[in-house]
Amino acid sequence: MTFRAGWNFLMTPGPTNIPDRVLRAMAQPALEYAGPDFMELSIGVHEDLKKIFQTKAEVFIYAANGHGAWEAALSNTLSPGDLVLVPETGQFSNSWSLMAESLGLKSQYMPGDWRSGVDPSAVERSLLDDKDHKIKAVLMVHTDTATSVTSNVPAVRKAIDSANHPALFMVDTIASLVTTEFRMDDWGVDVTIAACQKGLMMAPGLSFTAANDKAREIGKSTIIPRNYWNWQTRRGAIHYSWYCGTGPINSILGLREALDMIFEETLEGAYARHQRLADAVRAAVGVWGSDGPFELNSLKEEERANGVTTILIDDSINVDDLQVLCRDKFNVSLGHGLGKLNGKSFRIGHMGHANEPMVLGALGSIEVAFNRLGYQHGKGGVPAAIESLSKA
Ligand SMILES: Cc1ncc(COP(=O)(O)O)c(C=O)c1O
C-alpha cells in the first residue's frame, strides 16, 4: 500500500475537499426523521438553497447524485416523444442528452467544438425553425466540467425570448454553483439542476432541482413515469414526502454547515475567490505552455470556468503517469480528461473548499512531477501564479 503523507489536496473538479466543519456536522447521531429538530433543519436548508440559486422557485432535494437531478428535471416536465434541444458543450451535455433519449425523449443535439460555449444565435435559429413548437425544453450545461467552458445563461435566455419560443429553459449548474454568478430568476431559468459535491463542499450524495411555477404547472400533465422524483408529491403538508421517505439526515446536517460557511464568506466573496484561484492556475498554464505542450482548452477568456481548468496536452505527456506521481508522491489528486478529451487533457479542480496555498501547492507539485517525468515545459508556473495572486 502506498503511504501518502500530509493532507490530501483533492484538486479534482468534484468531489472536492470537504471542510472539517462539514465533516464534523455530519458525524452526529441521526435525528428523528419526523421530529421537530429535523423538520426545522430541513425547512431552513430548503429556504437557504433558494438564496444560492437566487430564486423564489420551489427547491427539491434528492438523496442522489447529479444524474438523479437530471432525471428529475426531465421526468417532471416532459412526456415520451417530446423533443429537447441540447447544445453540445462537452461530456456532460452528451450524457444528459443520452439520458433524455433513454427516457423516451427525442434529442436535437446541436454540435459544438468542446472549446467554446453555447452559441446563443444558433439556439435562436433552431428555435425559429421549430415553427410548430415541437421543442419542449432547452437543456444547457452552465459549466461543462470536461471542457472547463462556462456558457452565457442570460444570452441563451435572450435567444429563446427573441425566437418567441415557449420551450422550458433548464440549466445544469452542477459545476458552476457557488463558483460563478448564477441568478435563476433574474436570468429566466425555469429549472435549475445542481449537486452538492462541488462548489457546495459537501460529501457526494445530494442533488437538487429548483423549478418555477411554469415548470411545475407543465409537469402536472406530463407522463414520463416517475415516483421518487415527482415534484407533485414532494413538498406537501407531510414532511416525510419531501424526501419521498426517510430524509438523508446526516447529509442535510452537513449541507447546513456548508451553507453557513458560504453565507459567512458571502456568495460574492466565493465567486471572487474562485475567480482569483482560476486566474492563478491559468497564469501557470500559460507559462508551462510557453515552452511545452500545454494549452488552455477554453478558447475565449470570458468563457473560462472559475471552478476547473482543462489543460490540453500532446502525446509526449502521459496523464496516467502524471496523475499517479502527483497522487502517490505529493498527495495531490488531479482530474483526467473526459470523453473525447480522455488522454488528451488533464484537469485541475479549484472549486469548493480551496484556497491560495492549496492551489500553489498543487501547481508546484505538478511542476515537480513534470521535472521528474522529463516533460518539457516553460519553467516558472508557480511564480506566475504568485504574481497573479499578488495583483488580485
Ligand atoms: C456539469 C456536470 N453535470 C452533471 C454531472 C453528473 O453528476 P454526478 O456525477 O453527481 O451524477 C457532473 C459530474 O461531474 C457535472 O460536472
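Both counts, for ligands and for their atoms, begin at 1 and track the order of listing. The shown structure was predicted, so the numbers you read here are calculated from the model rather than taken from an experiment.
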Are R183 and F53 in a cation-pi contact, defined as NZ or CZ under 6.0 Å from the six-membered ring centre and within 45° of the axis?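 Geometry flag: not set, cation outside 6.0 Å or 45°.
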Name the residues with a heavy atom less than 4.0 Å from ligand 1?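 Under the 4.0 Å cut-off, ligand 1 touches N65, G66, H67, W70, F92, V141, T143, T145, D172, I174, Q197, K198.
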With K391 via salt bridge (Lys or Arg N to Asp or Glu O under 4.0 Å) - residues at least two apart: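 For K391 there are no salt bridge (Lys or Arg N to Asp or Glu O under 4.0 Å) partners, ignoring immediate neighbours.
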Can you find a side-chain donor-acceptor pair between S116 and D113 that sits under 3.5 Å?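 Yes, side-chain donor-acceptor contact under 3.5 Å.
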Can you classify the ring geometry of W231 versus F60 as parallel (below 30°), tilted (30 to 60°) or perpendicular (above 60°)?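 W231 vs F60 ring planes: parallel.
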Does NZ or CZ of R235 fall inside the cone over W242's six-membered ring, less than 6.0 Å from its centre and within 45° of the axis?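 Yes, cation above the ring, under 6.0 Å and within 45°.
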Closer than 4.0 angstrom, basic N to acidic O: yes or no for R216 and D213?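 Result for this pair is yes, salt bridge flagged.
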